[in-house]
Amino acid sequence: MNRGPTWFNVTSLVLGFAFLYIPILLLIIYSFNGSRLVTIWGGFSTEWYVALVNDDQLLDAVWVTLRVAALSSAVATVLGTMAALALTRYGRFTGRSLFSGMTYAPLVMPEVITGLSLLLLFVAIGFERGYWTIVLAHTTFTMCFVAVVVQSRLVTFDRSLEEAALDLGCSPAKTFFIITLPLILPAVVSGFMLAFTLSMDDLVIASFTTGPGATTLPMRIYSQVRMGVTPEINAICTVMIGFIAIIVLIASIATKHQETVRRREEQAAAR
Amino acid sequence: MTKVRTQTIGAVRRTFAPWNDPTATPLIRFENVVKRFGAFTAVDHISLDIYEREFFALLGPSGCGKTTLMRMLAGFEEPTDGRITLAGQDLTGVPPYERPVNMMFQSYALFPHMSVADNIAFGPRQAGMAKGEVAARVEEMLALVKLQAFAKRKPHQLSGGQRQRVALARAVANRPKVLLLDEPLGALDKKLREETQFELMDLQQSLGMTFLIVTHDQEEAMTVADRIAVMNNGVLVQVDPPAAIYEQPATKYVADFIGDVNIIPCKVEGCFGTDLRLVTPLTPHPLQVTHAGEQKVGDEVVLAIRPEKLRISLDAPDAAAGNCFTGTIWDIGYLGDLSVYHVELPCGTRIKVSQPNLSRVVERPITWEDKVYVTFTPHAGVVLSQ
């Protein structure tokens with residue numbers, strides 16, 4: 001059988017990648033534009049990257065974004081894992097499907113609605129809007145993503161491992177930390193990473209729940225774009241792309257490495 | 001050296017029968033234990049005594065409640081009603097991590113992120129044993145299951161048989177009063193399983209522990225256990241040593257569940273002390289059977305006879321040979337050590353007869369379509385109520 005690439009496969013591949021990456025490629029190229037005008041090429045230059053480093057407002061936004069993302073995704077990971085445990089572990093309790101549906105609703109809820117309802121809540125209880133309200137809002141909407149990821153791992157988890165630990169004299173709490181958690185850790189970590197990236201690029205919910213003094217990077221970019229796209233925006237976007245690409249690359253290399261080690265060990269055992 | 005040891009074990013096992021001793025106190029007592037899951041009754045009023053150093057087997061088809069009964073002893077399930085005591089202590093409400101009972105799981109449940117040594121050390125560490133003692137205990141356990149060379153391996157680097165041994169070592173590392181084994185050899189192939197059965201028996205004797213095994217494999221139960229409890233639909237059908245279960249089954253169910261059996265429907269025609277005369281539609285001649293039971297003339301009964309208790313021959317037997325069926329060979333199963341003959345009687349019923357193949361060459365072997373005579377003595381079968 002011919003397993004080589006056919007003209008159809010090659011075309012689909014080229015079209016698919018072109019569709020995905022031409023806009024990004026354009027953005028990267030124009031970030032090195034020497035001209036002030038975004039769409040006219042004025043020669044190669046790194047001046048916008050220099051401007052970036054000196055733009056305090058932009059750097060401040062980056063700092064806020066990273067702080068929000070780190071804190072909210074950490075809390076979301078804890079809460080989401082707990083929700084996933086409750087949903088998989090307690091067989092049939094009254095209102096189980098309602099609870100389960102309610103956990104997943106934010107996945108399909110339009111962000112505008114989530115943002116607006118959170119804003120109303122914060123106003124109603126008189127919570128001063130700013131950094132903390134964004135953190136709370138992001139925790140709320142990323143938690144369900146963590147729950148989904150962790151739950152899909154837990155349904156295939158062999159409960160007899162926990163029973164064995166209990167049987168050997170280990171208390172339930174300790175069993176969770178030394179048996180269950182290490183085994184579901186990959187799912188928890190990927191849930192955390194998902195929550196982190198979701199928080200980092202959220203614009204809608206952050207705009208609704210923010211207050212004076214707390215501007216995230218997507219908000220800063222969006223407001224600047226309204227006054228006209230400058231190559232500086234292209235530069236910060238390119239840095240972000242590079243940052244995310246590096247994280248993805250490290251994560252996939254790590255998984256790949258783990259897989260190879262595991263396979264090699266299994267082969268050694270079969271011998 | 002080994003020979004001496006096996007002899008002493010044999011001597012111990014020959015005289016070991018605390019269940020016949022009215023003064024012996026049982027180690028484990030199930031008192032009227034009931035377990036319901038919703039409307040389904042998994043365990044239905046079971047009372048059972050298990051004695052110290054006994055190798056006890058719970059045998060039954062899947063779904064008969066045997067695993068539930070074991071899990072209640074381990075503490076993973078609470079009885080709906082009744083109670084379980086261990087060495088006099090009521091186990092009601094005692095969580096699994098505080099019971100002096102350890103379990104070997106069907107899936108082995110080895111901790112995949114820990115080495116073999118850490119898996120074995122898990123129990124002793126939880127018990128708060130000092131570091132040096134833990135190391136010594138792990139060494140001892142590894143030697144016991146002959147896995148010293150594998151201490152640093154992870155479970156997924158071991159073969160199925162090795163994993164089984166690690167699971168065993170881990171379960172006995174805490175020196176529990178009772179070791180529970182849930183289908184421990186189910187995942188092994190036949191040859192390894194048979195070897196391991198004898199190792200389990202040796203281990204039980206050398207550790208002097210009480211073993212409770214759950215299995216659906218009757219051969220396994222017969223091989224390893226001092227006593228077997230046959231379960232069906234949540235109730236105990238019979239609790240006896242293997243030979244009694246096999247040779248004196250209490251009910252038709254037990255006779256049928258354990259090994260092969262021919263069930264012959266009969267009617268009691270005459271009763272002379274322990275001798276019964278039975279009539280059956282399978283043969284025009286009445287059958288003479290010895291049985292000490294409470295059957296009366298006119299009772300509908302079944303005669304349960306094991307295939308190996310029947311004799312088959314091509315020549316007509318003399319009158320002294322006892323009971324006799326005539327029929328033709330319908331099928332033959334050659335198993336090497338023995339052959340199983342399916343004999344079709346004139347009425348159409350087929351019975352199974354097994355004969356050891358004692359010599360390599362037979363002048364005239366029994367073959368398909370042969371007319372044969374099947375004989376058996378008055379002691380060969382068991383009379384059971386319908």
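Values below: all heavy atoms of this structure, side chains included; hydrogens, waters and symmetry mates excluded. A, B, ... follow the sequence lines: proteins, then strands. Residue 1 opens every chain.
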J.: Counting heavy-atom pairs closer than 4.5 Å to chain A, which one of B:Pro96, B:Pro176, B:Ala171 comes out on top?
T.: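 Sorted descending by pairs with chain A, the first entry is B:Pro96.
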
J.: Considering all heavy atoms of both residues, which atom of B:Ile50 and which atom of B:Phe30 are nearest to each other, and what is their separation?
T.: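 Closest pair (atom of B:Ile50, atom of B:Phe30, distance): CD1-CE1, 4.2 Å.
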
J.: Report all side-chain donor-acceptor pairs from residues 129-142 of chain B shorter than 3.5 Å, counting only partners two or more places apart or in another chain.
T.:
| residue | atom | partner | partner atom | Å |
| --- | --- | --- | --- | --- |
| B:Arg137 | NH1 | B:Ala173 | O | 2.5 |
| B:Glu140 | OE1 | B:Arg175 | NH2 | 3.0 |
| B:Glu140 | OE2 | B:Arg175 | NH2 | 2.4 |

J.: Let me know if B:Phe111 has heavy atoms under 4.5 Å from chain A in its side chain, its backbone, both or neither.
T.: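 Both parts, backbone and side chain.
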
J.: Spell out, as yes or no, whether a donor-acceptor pair under 3.5 Å connects the side chain of B:Gln205 to the backbone of B:Asp202.
T.: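 No; judged by distance alone, with no hydrogens or angles, the pair does not exist.
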
J.: Using a heavy-atom cutoff of under 4.5 Å, enumerate the residues of residues 65-95 of chain B that contact chain A, numbered in order, or state 'none'.
T.: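 Residues in range: B:Arg71, B:Ala74, B:Phe76.
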
J.: Tell me, do B:Glu220 and B:Arg193 make a side-chain contact under 4.5 Å, heavy atoms counted?
T.: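 They are in side-chain contact.
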
J.: Which residues pass the salt bridge (charged side-chain N to carboxylate O under 4.0 Å, His left out) test with A:Arg67, not counting sequence neighbours?
T.: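 Checked A:Arg67 against salt bridge (charged side-chain N to carboxylate O under 4.0 Å, His left out); zero matches.
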
J.: Are A:Lys174 and A:Phe176 in a cation-pi contact, defined as NZ or CZ under 6.0 Å from the six-membered ring centre and within 45° of the axis?
T.: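 No, cation not above the ring by the 6.0 Å, 45° rule.
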
J.: For A:Ile179, is it the side chain, the backbone, both or neither that has a heavy atom under 4.5 Å from a heavy atom of chain B?
T.: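 Both parts, heavy atoms under 4.5 Å.
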
J.: Checking heavy atoms, do the side chain of B:Asn102, its backbone, both or neither come under 4.5 Å from chain A?
T.: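 Contact with chain A is through both the backbone and side chain of B:Asn102.
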
J.: Applying the side-chain contact (heavy atoms from CB on, under 4.5 Å) criterion to A:Leu66, which one of A:Val68, A:Val62, A:Val64 satisfies it?
T.: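 With A:Leu66 as partner, A:Val68, A:Val62, A:Val64 yield a single side-chain contact (heavy atoms from CB on, under 4.5 Å), made by A:Val62.
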
J.: Quick one: does B:Cys64's side chain get under 4.5 Å of B:Asn233's, heavy atoms only?
T.: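 Not touching, per the 4.5 Å side-chain cut-off.
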
J.: Rounded to the nearest 0.5 Å, what separation is found between the OG1 atom of A:Thr209 and the OH atom of A:Tyr131?
T.: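 So the gap between those two atoms works out to 12.5 Å.
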
J.: For B:Leu180, which atoms come within 4.5 Å of any heavy atom of chain A: side chain, backbone, both, or neither?
T.: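 Contact with chain A involves no heavy atom of B:Leu180 at all.
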
J.: Where the side chain of B:Gln126 meets the backbone of B:Gly123, is there a donor-acceptor pair that is under 3.5 Å apart?
T.: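 Pair absent, no side-chain N/O of B:Gln126 close to backbone of B:Gly123.
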
J.: Once you round to the nearest 0.5 Å, how far does CD1 of B:Ile120 lie from CG of B:Leu144?
T.: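 Result: 9.5 Å between the selected atoms.
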
J.: How about A:Tyr21: does its OH atom have over 12 heavy atoms from other parts shown lying under 6.0 Å from it?
T.: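 It does not: A:Tyr21 OH has 12 such atoms or fewer within range.
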
J.: Just checking heavy atoms, which of residues 152-171 of chain A are less than 4.5 Å from chain B?
T.: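 Expected list: A:Asp158, A:Ser160, A:Leu161, A:Glu163, A:Ala164, A:Ala165, A:Leu166, A:Asp167, A:Leu168, A:Gly169, A:Cys170, A:Ser171.
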
J.: What part of B:Met114 gets closer than 4.5 Å to chain A, counting heavy atoms only: side chain, backbone, both or neither?
T.: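 Just its side chain gets close to chain A.
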
